[in-house]
Amino acid sequence: MAYWLMKSEPDVFGIDDLAARPNQTEPWDGVRNYQARNFMRAMKIGDQIFFYHSNTATPGIVGIAEVVREAYPDHTAWNPDSKYYDPASTPNKPRWDMVDVRYVRHLKRIIPLTELKGLEALADMPLVRKGNRLSVMPVSEAHWNLILALEDKPRT
DNA sequence: GCCAACGTTGGC
DNA sequence: GCCAACGTTGGC
């Protein structure tokens with residue numbers, strides 16, 4: 001089993017929105033970056049995901065989700081009315097994929113980006129590197145466990 | 001709202 | 001294939 005981190009803007013679709021969906025499940029559509037898409041293609045059912053809130057007052061990891069359907073074509077790319085429309089993608093030759101993710105739980109507290117940046121052990125995590133804009137990224141098992149342990153610790 | 005960093009596009 | 005211009009991300 002692998003671990004991932006996926007970013008979303010809470011004003012658009014936050015973890016509370018995921019928890020409120022039927023079956024607490026939602027297709028992760030709208031990814032229009034090749035690197036992020038390729039990571040989604042590598043996801044397997046049961047993989048665990050850190051749900052990250054970006055573009056908000058306190059960006060950080062807020063909860064956990066899991067993969068319940070592996071990569072399949074993102075049909076929003078074919079819809080001219082969608083803000084994710086990409087005329088280069090067609091049903092015969094889909095360019096973009098998505099996965100379905102299901103809510104698992106909120107973390108006991110938000111783990112803010114500022115706190116993650118302060119941890120030497122996470123220095124090589126793409127998330128904390130300057131200028132990183134990847135919206136989907138792998139998380140090593142060591143990092144996953146380290147970050148999970150933070151939710152029971154008071155902020156340092 | 002600003003703007004640094006980065007990915008993509010398209011002219012040549 | 002290069003690279004300038006442009007658009008987007010996302011922290012602050």
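In what follows, chains carry the letters A, B, and so on, assigned in the order in which the sequence lines appear, proteins first and then strands, with residues in each chain numbered from 1.
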A.B. asks: Nearest nucleotide by nearest heavy atom, which residue falls closer to the 5' end of DNA chain B, A:Tyr34 or A:Asn55?
C.D. replies: A:Asn55
A.B. asks: Kindly state whether the ring of A:Tyr72 and the ring of A:Trp96 have centres lying under 6.0 angstrom apart.
C.D. replies: no
A.B. asks: B:dG7 C1' sits how many Å from A:Phe39 CZ, rounded?
C.D. replies: 15 Å
A.B. asks: In whole angstrom, what separates A:Arg129's CZ from B:dG7's P?
C.D. replies: 11 Å
A.B. asks: Whole Å only: how far is the CD atom of A:Glu115 from the C1' atom of C:dG11?
C.D. replies: 17 Å
A.B. asks: Just the rounded figure in Å: distance from P of C:dT9 to OH of A:Tyr52.
C.D. replies: 15 Å
A.B. asks: Is there a donor and acceptor pair, one atom on the side chain of A:Arg133 and one on the base of C:dT8, closer than 3.5 Å?
C.D. replies: yes
A.B. asks: Once you round it to whole Å, what is the distance between P of B:dA4 and CG of A:Asn132?
C.D. replies: 18 Å
A.B. asks: Does A:Lys83 make a side-chain N or O approach to OP1 or OP2 of C:dT8 shorter than 4.0 Å?
C.D. replies: no
A.B. asks: Under 4.0 Å from OP1 or OP2 of B:dA5: is there any side-chain N or O of A:Lys130 that close?
C.D. replies: yes
A.B. asks: Could you give the CG-to-P distance, from A:Asp11 to C:dG10, as a whole number of Å?
C.D. replies: 14 Å
A.B. asks: Using a distance-only test with no angle check, is there a side-chain donor-acceptor pair under 3.5 angstrom linking A:Asn92 and A:Thr90?
C.D. replies: no
A.B. asks: Could you work out which one of C:dC12, B:dT8, B:dA5 sits closest to the side chain of A:Thr114?
C.D. replies: C:dC12
A.B. asks: Compute whether any side-chain donor of one residue and acceptor of the other, for A:Asp16 and A:His106, lie under 3.5 angstrom apart.
C.D. replies: yes
A.B. asks: Take the protein atom CD of A:Glu9 and the nucleotide atom C1' of C:dT8, then report the distance between them rounded to whole Å.
C.D. replies: 11 Å
A.B. asks: What's the CG-P distance between A:Leu5 and C:dG10, to the nearest Å?
C.D. replies: 11 Å
A.B. asks: Would you say the side-chain atoms of A:Ser89 and A:Trp78 include a donor-acceptor pair closer than 3.5 Å?
C.D. replies: yes
